[in-house]
Amino acid sequence: MTILRASVAVPRPVRRLFTYSIPPALAPRCRPGVRVVVPFGRHKLTGYLLSLMEGEQPGSSPKSLRPIEQVLDPEPVLDGTILEVVRFAADYYVASLGEMIRCALPGMKAQVRRVVSVTERGRRALEAGGGVLVDASLPRIASDPRGREILGVVAEFNSGRGAAIRLDDLRRRVGPRFTTRTLENLRAAGFLEVAEVAATAGPRPRLEEEAVLVAHDVTAAGAKGARRRRLLELLGEAGGRRSVPGLLRDSGASRSVLRALETLGLIAIESREALRRPASFELPLQTPATLRPTSAQKAAIDAIAGALSTRSFTTFLLHGVTGSGKTEVYLRAIETAIRSGRKALYLVPEIGLTPLLARRMRSRFGEVLGLLHSGLSDGERYDEWRRIRNGRVEVVLGARSAVFAPIPDLGLVIVDEEHDTSYKQDEHPRYNGRDLAIMRAKMSRAVVVLGSATPSMETYVQAERGRYRMLALPGRIGPAGLPRVERIDMRREFEEVGRESVLSRRLLSALEERLRRGEQSLILLNRRGFSTFVLCRSCGEPIQCRNCSIPMTWHLRHRRLRCHYCDDTREQPVTCPACGSSHLYYGGTGTERLETILRTVLPTARVQRLDKDTARGRGSVEEMLTRVERGEIDILLGTQMIAKGHDFPNVTLVGVLAADALLGLPDFRAGERAFQLLAQVAGRSGRGDREGEVIVQAYDADHHAIRFACEHDFAGFAARELAYRRAMNYPPYAALAAILVRDRVFDRARARAEEVGLILRGRSERSLQVLGPAPAPLERLRGEYRVQLLIKAAGRKELRNALGRMLHELEGRKVRSESLAIDVDPMTTL
Ligand code: ADP
Ligand code: ZN
Ligand code: ZN
């Protein structure tokens, strides 16, 4: 007997595929590339069917295979091109294929629901008990009052509704006293059962009913009655075909009228797919301005067009200062690609922060524009994804994960702000969308354009070595040129004024001047909240987060302390948690306090704050930016969100507060990040006809990153930074990976990290350098200690081999690789 089996990738950190049997009923729909629901351990997962196998499986009885439970797609969602990119990515970033495929298909996931019910044994234990569960065989349950509480809630729900309770429901009803550990103990003791049910298959096409006119003679016998006639008339006016809800609404007819006409054979009801379009497609369109490219722009456009015409893989670095007109170069390049019959992908760091670009793209490309980003609903994304795959989209505008979009015949890839850290996914699997974009372009023999005013050191070195072709836009489009930058030493300011001040006299008078002239200002302060720390005056301890080794921030509006790393909050303390003293000092200024200060010292100014706290809710960022664009805001203050690619010609002043704080925690990229942010925010000033000004305040403004940024000296910064990287053997001169070991118990994390270190050192070649284990700069995060190892290798191949060997050895020792976070090409080592 031949048995059909399937090889399935699951989104779990196990680096192999799993074999499942195929029940006969599902066999016709089991095709390579479809998503399937499979049992995995005690759970159900959405897996990806990669291949089918016939015949006996050698060495194992077919009975032992578990069956595929559900097939989710009528047609494969994974094609060869996507699989090729995903395979490369999984290998490179040492992730499992299933995990990488999940990244490639965001939102496309069956919803599996966990439900809980009480067992007979659990019910008996409840009835017998007084305050505790007397029948408990596990001492942990007997002594845990929460066990009884959880069991009680489940039992009450089960008998009241005659059904199992959903886990999220249970969690809500029990409240903060719910813990997963107690639930797990109850299950282990046999008091509860936790089951999984596949609820829905995830997004599917949305269908809409349409009425179609069949008979031509609508005055015929059937068409009696005013409403029937009205309905048929409207249908005729619409060209004989219209969607049912609208038709019913306008004709005032009910469904029964519709059905009667259908029975008479006068109309037919058909089901048709109605595409869900992203909300930004409904924005009012602007008429695209026709710009005459400058000679620098033209040279860049021609070079890209030349590479497109040869259909060979080429990587360009478009290095243009802020306001040099890079966007126009991208758009022209995209038009060229489309004219030659190929498609384009345009990646941006965060579409949410550049809504005006989406609008501009829509005006320029209309229906053939596809949008992919995390702001879409699952349904919208699914529909966009299918439009793209069906070849109805010529250019895709998207964020990081759009690098996996199923674009047929890809000819051009744009990576705007290529240096931006948001291209790197900050959770497992930690892939970099920019680097995968280059790989993808190589596979499709496409042209890549990496654009930035402040290229990453990696990209810059490749351009210097001639591996990437350099295209330079050295000057601004506007007549005024780059803005003047002035540094203010806040220590001197303190001496001269005699007190701490948030705004220097110079910055304050510059703001006043802008108000008088009716021009706009931006102020960057990259810390949100009101007070950035609360300190005890008696013992000197800041109030730390319970879960992280980080001081908490005071938020006035919510009157709570908040941790910006794990989001935990606590009430305003009356006394110091460490020593009990009541002398607490609120120090450090965040954006929330800055906003209050601005409103006090400049009462006539229209002030808007843009940070994560004010940006909640769909469309709120877009609304704020639109108001700035319309001139309804005089001063926009905020975190790095205000620095991203915005083009406001009436902004002539940019202020930066606490520039030295931009250097943050120690990390080998701290200087590069500070330089980039400063250069980017400074670049928002003076983009129109009037000259711009930038005022940078710092207590210690001598760091080379701050100095070079203030002098608009990218080359100077790069030379200095690269010398440091070379001396320290950091990227781009070495391939780097960080391995983070996390555990609630420090010693356990430390011991495991040491084991990993031994493995790496034991077999390593001389070209491999292993640093650590050492506590990460952020030693504790979300309740877990973090111990880190850094591996530096001469090349990426050596690095990958070393990691592969390490994982192999760990698997042999049964060390669960989930507890290791491996970050290849890390953006931070915090
Ligand atoms: P960058 O991305 O390099 O910072 P943008 O692409 O935002 O710069 O362009 C800056 C401004 O210059 C925009 O307002 C844009 O419309 C304008 N611009 C770009 N190219 C031209 C051109 N050839 N002629 C006139 N204005 C232009
Ligand atoms: Zn925290
Ligand atoms: Zn104290």
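Worth saying up front: this structure is predicted, and the values here are computed from it rather than measured. Heavy atoms only: backbone and side chains are in, while hydrogens, waters and symmetry mates are out. We count ligands from 1, going down the list as the structure has it; atoms in each ligand are counted the same way.
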Inspect the contact between [Y] and [X] and indicate whether a charged nitrogen and a carboxylate oxygen are less than 4.0 angstrom apart.
| X | Y | value |
| --- | --- | --- |
| Arg360 | Glu328 | yes |
| Lys326 | Glu418 | no |
| Glu417 | Lys644 | no |
| Arg748 | Asp743 | yes |
| Arg606 | Glu632 | no |
| Arg690 | Glu519 | yes |
| Asp613 | Arg557 | no |
| Lys343 | Glu394 | yes |

Evaluation steps, side-chain hydrogen bond (donor to acceptor under 3.5 Å, both in side chains), between Gln462 and Glu458 = CA-CA 6 Å; Gln462 294 288 28; Glu458 283 80 357; over 6 Å; no
Quick one: which ligand 1 atoms are inside 4.0 Å of a heavy atom on [X]?
| X | result |
| --- | --- |
| Arg292 | 22 (C), 23 (N), 24 (N) |
| Thr322 | 4 (O) |
| Thr327 | 2 (O), 5 (P), 6 (O), 7 (O) |
| Val321 | 3 (O) |
| Arg687 | 1 (P), 4 (O), 5 (P), 7 (O), 8 (O), 10 (C) |
| Thr294 | 23 (N) |

For [atom], the protein heavy atom that lies nearest, with its residue and separation:
| atom | answer |
| --- | --- |
| atom 20 (N) of ligand 1 | Gln297 NE2, 2.9 Å |
| atom 4 (O) of ligand 1 | Gly323 N, 2.7 Å |
| atom 27 (C) of ligand 1 | Ile477 CG2, 3.5 Å |
| atom 15 (C) of ligand 1 | Asp647 OD2, 4.2 Å |

Flag [X] as yes when one of its N or O atoms lies below 3.5 Å from any N or O atom of ligand 1, and as no otherwise.
| X | result |
| --- | --- |
| Lys326 | yes |
| Leu291 | no |
| Gly325 | yes |
| Arg684 | no |
| Glu328 | no |

message = Below 30° counts as parallel, above 60° as perpendicular, anything between as tilted: where do the rings of Phe675 and Phe717 land?
response =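 Phe675 vs Phe717 ring planes: parallel.
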inquiry  = With rounding to 10 degrees, what does the angle Cys576:SG / the Zn ion (ligand 3) / Cys539:SG come to?
reply    =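 It rounds to 110°.
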request  = Taking the Zn ion (ligand 3) as the vertex, measure the angle between atom SG in Cys579 and atom SG in Cys536; round to 10°.
outcome  =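 The angle at the Zn ion (ligand 3) comes to 100°, rounded to the nearest 10°.
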Proximity of Ser324 to ligand 1 by residue part, where a heavy atom lies under 4.0 Å =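 For Ser324, the contact with ligand 1 is made by both the backbone and the side chain.
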Whether Cys548 has an N, O or S atom under 2.8 Å from the Zn ion (ligand 2) =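 Checking the Zn ion (ligand 2) against Cys548, an N, O or S atom does fall under 2.8 Å.
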request  = Check for a donor-acceptor pair, side chain of Glu672 on one end and backbone N or O of Met457 on the other, with a separation under 3.5 Å.
outcome  =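 Checked: pair present.
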task = I would like to know whether Thr314 and Arg469 meet side-chain contact (heavy atoms from CB on, under 4.5 Å); could you show each step before the answer?
result = CA-CA 8 Å; Thr314 315; Arg469 284 175 60 187; 4.0 Å; yes
